[in-house]
Amino acid sequence: MKYNALKGVHDIFPPDIYIWQKVESAAEEVFSAYGFQEIRVPIIEATDIFTRSIGETTDIVEKEMYTFPDKAGRSITLRPEGTAPVVRSYIENHLYNQPSPQKFFYSGAMFRYERPQKGRFRQFYQIGAEAFGASEPKLDAEIIAMLKLFLERLELKELNFEINSIGCEKCRPDYKKALSDFFSNKISGLCPDCNRRYIHNPLRILDCKVDACIKLRKDAPQVTNHLCGDCKEHFEGFQALLKLLNISYVINPNMVRGLDYYTRTTFEVTSEHLGSQKAVAAGGRYDRLVEEFGGPPTPAIGFAIGMERLVEILRNQNSELYTGPKAFFATIGAKADTESFLIAEKLRAKGINVELGYGNASLKSQLRRADKLKAAYVFIIGDDELKSGRIKWKNLKDSSQGEIGIEEIPDFKGLN
RNA sequence: GUGAGCGUAGCUCAAUGGUCAGAGCAUUGGACUGUGGCUCCAAGGGCUGGGGGUUCAAGUCCCCUCGCUCACCCCA
């Protein structure tokens with residue numbers, strides 16, 4: 001019987017795992033500098049948490065969620081995204097009673113039942129950040145700056161920052177109507193998908209890739225021209241700060257985010273080094289969501305980074321991240337084997353990476369393995385060495401050799 | 001859910017319908033009885049994704065199925 005991993009899920013192991021670890025530690029480091037603290041929320045939640053936040057008619061909710069009844073018949077869903085659970089936690093734990101703004105980051109697996117393709121999987125990982133309790137554009141700009149610093153820390157290049165504002169509950173209905181009016185006499189020219197979009201979410205027509213639709217929407221009203229006074233002021237304030245920070249960006253008025261809860265600022269970071277799924281990170285404001293979830297009115301903003309997409313880029317530009325053991329003990333005979341085992345324990349207790357020979361292998365094959373592992377030093381212990389108490393060491397990089405007293409190994413300069 | 005491409009050794013790939021399906025790399029061992037890399041030698045490793053059909057003969061042609069990949073939809 002041969003078992004395979006399920007469609008759209010993947011094992012992560014060396015050498016890729018080193019890239020993942022590098023990304024995770026960079027996130028923790030950079031986000032902490034901005035006052036974000038880690039939060040860990042469950043992978044399963046009540047289904048309502050997602051249907052109500054993401055939107056009943058979005059594709060995620062309609063056909064992509066892993067939803068099932070638990071043994072008591074409750075509807076459970078594997079989280080398809082991270083914002084809703086964090087919002088739930090924020091309210092449930094009364095975190096709004098802490099000084100505002102409260103900032104959190106998280107990292108973990110998300111699940112969406114989709115056909116896999118490059119940069120898209122059924123179980124995928126996101127690093128996300130959410131900040132609650134401040135509506136100023138300063139927070140929006142801070143979030144972008146943090147994302148940029150994080151990406152720079154990883155030496156990612158050739159990334160595009162796109163921003164937009166999709167207004168609030170006051171101005172968006174007007175814009176939606178203007179858009180519907182504009183397309184009302186063009187429906188027959190739109191692709192079948194856009195005909196559906198026209199009914200459910202006319203905003204989506206704006207990012208259709210069909211040529212005919214692109215032509216028809218050329219003179220469509222732009223959301224940035226339909227913002228109310230407050231939203232306009234917010235968007236301009238946001239941009240002014242980005243300019244002060246020397247962050248280059250483009251306004252993409254056609255950028256529509258897929259989740260219903262977004263308000264005002266939305267943004268996306270894309271890379272040309274990916275396939276069709278080129279968004280590495282994306283996010284936006286969701287000033288109404290906390291209140292809709294039964295919390296106090298609380299403006300908020302967040303984003304998520306697609307781990308696999310990030311790793312995909314890093315894999316093609318990163319040098320070797322693996323470092324081998326500092327010491328390798330090659331032994332001849334049972335007594336030497338035991339002796340090396342005891343010395344290794346002492347070194348490991350000091351945090352030194354030590355590897356041992358196994359399985360009665362010949363000295364030659366032990367050295368070969370040490371070389372494959374990229375060990376820095378090999379210590380050779382046989383009967384002669386045990387008798388004299390002088391252990392042979394060899395530097396595998398420059399082939400230099402020498403001897404050292406068995407008791408002095410923990411202080412050997414090459415290991416410390 | 002829709003469309004296209006591809007499935008041969010751990011990996012990358014060969015093999016006009018015709019001997020026992022091969023090579024390079026990787027793995028293990030040896031040449032070198034206690035010194036890695038380089039070189040040379042050898043070994044292990046395959047239900048050619050699975051099933052059915054055509055044929056004297058199928059890795060190769062046909063059908064079905066499963067899987068992978070890419071794209072659409074949508075999204076990180």
Side-chain angles (χ1 to χ4, degrees), chain A residues 2-10 54-55 57-65 79-83 107-129 147 191-194 196-197 200-201 204 207-210 255-259 267-271 274-284 302-313 324 328 330-333 336 357 359 361-386 392-401:
Chain A
K2 192 186 170 192
Y3 292 107
N4 295 313
L6 296 175
K7 184 194 282 283
V9 309
H10 293 284
I54 297 168
T57 62
T58 58
D59 275 29
I60 292 178
V61 168
E62 278 187 341
K63 49 191 192 195
E64 294 175 0
M65 294 206 305
R79 63 182 183 194
E81 59 107 37
T83 300
S107 148
M110 308 293 161
F111 302 84
R112 290 181 202 170
Y113 192 85
E114 303 180 87
R115 285 281 283 269
Q117 69 184 75
K118 192 178 179 71
R120 193 176 64 191
F121 312 97
R122 288 185 171 178
Q123 175 173 342
F124 59 103
Y125 291 76
Q126 291 186 336
I127 296 178
L147 195 47
C191 73
D193 283 331
C194 282
R196 275 192 295 111
R197 291 174 179 129
H200 295 297
N201 191 353
R204 291 231 149 272
D207 64 359
C208 180
K209 289 164 191 159
V210 176
M255 184 174 65
V256 181
R257 309 262 61 248
L259 291 70
F267 57 90
E268 210 164 275
V269 184
T270 61
S271 164
L274 293 169
S276 172
Q277 313 301 324
K278 59 182 186 172
V280 175
F303 66 82
I305 298 159
M307 271 297 266
E308 286 84 353
R309 295 180 186 179
L310 201 55
V311 170
E312 170 77 20
I313 304 172
F328 185 101
T331 57
I332 302 138
S362 67
L363 182 62
K364 177 197 225 17
S365 72
Q366 290 185 66
L367 281 165
R368 200 154 26 209
R369 176 153 165 266
D371 187 59
K372 294 261 163 57
L373 290 170
K374 297 189 202 299
Y377 289 89
V378 175
F379 291 88
I380 298 168
I381 309 180
D383 291 339
D384 298 346
E385 287 78 6
L386 287 177
K392 293 204 173 71
W393 60 264
K394 180 168 189 176
N395 179 325
L396 287 191
K397 206 162 191 179
D398 62 17
S399 297
S400 58
Q401 300 193 50

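By convention in this document, chain letters (A, B, ...) are assigned in the order of the sequence lines, proteins followed by strands, and residues within each chain are numbered from 1.
Here the nucleotide nearest the side chain of A:E385, chosen from B:G34, B:C73, B:C32, is B:G34. For A:R120, the listed nucleotide lying nearest its side chain is B:C73; candidates were B:G34, B:C73, B:C32. Comparing atom distances between the A:R197 side chain and each of B:C73, B:G34, B:G36 picks out B:C73 as nearest. Checking B:G36, B:G34, B:U2 against every side-chain atom of A:R115, the shortest atom distance belongs to B:U2. Comparing atom distances between the A:L363 side chain and each of B:U35, B:A76, B:G30 picks out B:U35 as nearest. Listed nucleotides: B:G34, B:C73, B:A76. Nearest to the side chain of A:S362: B:G34. Which of B:G34, B:G36, B:C75 sits closest to the side chain of A:I332 comes down to B:G34. Here the side chain of A:Q277 is nearest to one of B:G30, B:C70, B:C72, namely B:C72.
Look at the P atom in both B:U39 and B:G34: the space between them is 22 Å, to the nearest Å. Taking atom C1' in both B:C6 and B:G49, one finds a spacing of 12 Å when rounded to whole Å. Remark: the separation of the P atoms in B:C11 and B:U69 is 14 Å, to the nearest Å. The C1' atoms of B:G51 and B:G45 are separated by 26 Å, rounded to the nearest whole Å. Separating the C1' atom of B:U28 from that of B:G44 is a span of 7 Å, rounded to the nearest Å. Comparing B:U48 with B:A9, their C1' atoms are spaced 10 Å from each other, to the whole Å. Spacing of C1' atoms, B:C13 relative to B:U55, comes out at 29 Å, to the nearest Å. For the P atoms, the distance from B:U12 to B:C70 is 14 Å, rounded to whole Å.
The two residues A:C191 and A:R197 have their closest heavy-atom pair at SG-NH1, 4.3 Å. When all heavy atoms of A:E81 and A:Q126 are compared, the pair lying nearest together is CA-OE1, 4.4 Å. When all heavy atoms of A:A330 and A:L363 are compared, the pair lying nearest together is CB-CD1, 3.7 Å. Heavy atoms only, all atoms of each residue included: A:V9 and A:Q123 are closest at CG1-CB, 3.8 Å. Listed here is the closest heavy atom pair of A:F124 and A:E308: CA-OE2, 3.3 Å. The heavy-atom pair separating A:S276 from A:K209 by the smallest distance is OG-NZ, 4.3 Å.
For A:Y113 and B:C74, the OH to C1' distance is 16 Å, given to the nearest whole Å. Straight-line distance from the CE atom of A:M65 to the P atom of B:C74: 18 Å, rounded to whole Å. In this structure, A:L396 atom CG and B:G36 atom C1' are separated by 6 Å, rounded to whole Å. As a whole-Å value, the separation of A:R112 CZ from B:A76 P is 5 Å. B:A76 atom P lies 13 Å from atom CD of A:E308, rounded to whole Å. With rounding to whole Å, A:K278 atom NZ is found 17 Å from B:C70 atom P. A:K118 places its NZ atom 17 Å from the C1' atom of B:A4, with the value rounded to the nearest Å. B:G36 atom P lies 15 Å from atom CG of A:N395, rounded to whole Å.
Salt bridge annotation for A:D193-A:R196: present, with a cationic side-chain nitrogen under 4.0 angstrom from a carboxylate oxygen. Note on A:K374 versus A:D371: no salt bridge recorded, every NZ/NE/NH1/NH2 to OD/OE distance being 4.0 Å or above. Salt bridge absent: A:K63 and A:E114 never bring a charged side-chain N and a carboxylate O closer than 4.0 Å.
Stem regions for RNA chain B, each three or more consecutive Watson-Crick or G-U pairs with both distances under 3.5 Å and listed by first number, read B:1-7 with B:66-72, B:10-13 with B:22-25, B:27-31 with B:39-43, B:49-53 with B:61-65.
With 3.5 Å as the limit, one finds no donor-acceptor pair spanning the side chains of A:Q366 and A:R369.
Counting any heavy atom pair closer than 4.0 Å across all strands shown, A:I127 reaches no nucleic acid atom. Counting non-hydrogen atoms under 4.0 angstrom, A:Q401 reaches a base of the nucleic acid. A:K397 comes within contact range of at least one nucleobase, with a heavy-atom separation under 4.0 Å. Residue contacts for A:G119: at a heavy-atom cut-off of 4.0 Å it reaches a base atom on one of the strands shown. Within the 4.0 angstrom heavy-atom criterion, no nucleotide atom of any strand lies near A:V378. At a threshold of 4.0 angstrom between heavy atoms, the contacts of A:N4 with the nucleic acid are absent. Using a 4.0 Å heavy-atom distance criterion, A:F121 is classed as a base contact.
Put simply, A:K394 has no side-chain N or O that comes within less than 4.0 Å of OP1 or OP2 on B:U35. A sub-4.0 Å separation between OP1 or OP2 of B:A71 and a side-chain N or O of A:Q117 is present. Residue A:S399 places none of its side-chain N or O atoms closer than 4.0 Å to OP1 or OP2 of B:G37. Distances shorter than 4.0 Å separate some side-chain N or O of A:K209 from OP1 or OP2 on B:C73.
Annotation: proximity of residues 365-375 of chain A to RNA chain B (heavy atom, distance under 4.0 Å) is found for A:S365, A:L367, A:R368, A:D371, A:K372, numbered in ascending order.
Partners of A:Y377 under the ring-ring contact (aromatic ring centres under 6.0 Å, His included) rule, at least two apart in sequence or in another chain, are A:W393, A:F412.
No donor-acceptor pair under 3.5 Å is formed between the side chain of A:R112 and the backbone N or O of A:R120.
Side-chain to base pairing of A:K364 with B:C32: one donor and one acceptor N or O lie within less than 3.5 Å of each other.
A cation-pi arrangement, defined by a distance under 6.0 Å to the six-membered ring centre and an angle within 45 degrees of its axis, is present between A:R122 and A:Y113.
In terms of position along RNA chain B, the nucleotide closest to A:K63 lies nearer the 5' end than the nucleotide closest to the other residue of the pair A:A304 and A:K63. Across the interface with RNA chain B, nearest-nucleotide mapping of A:T58 and A:A361 shows A:A361 to be the residue nearer the 5′ end.
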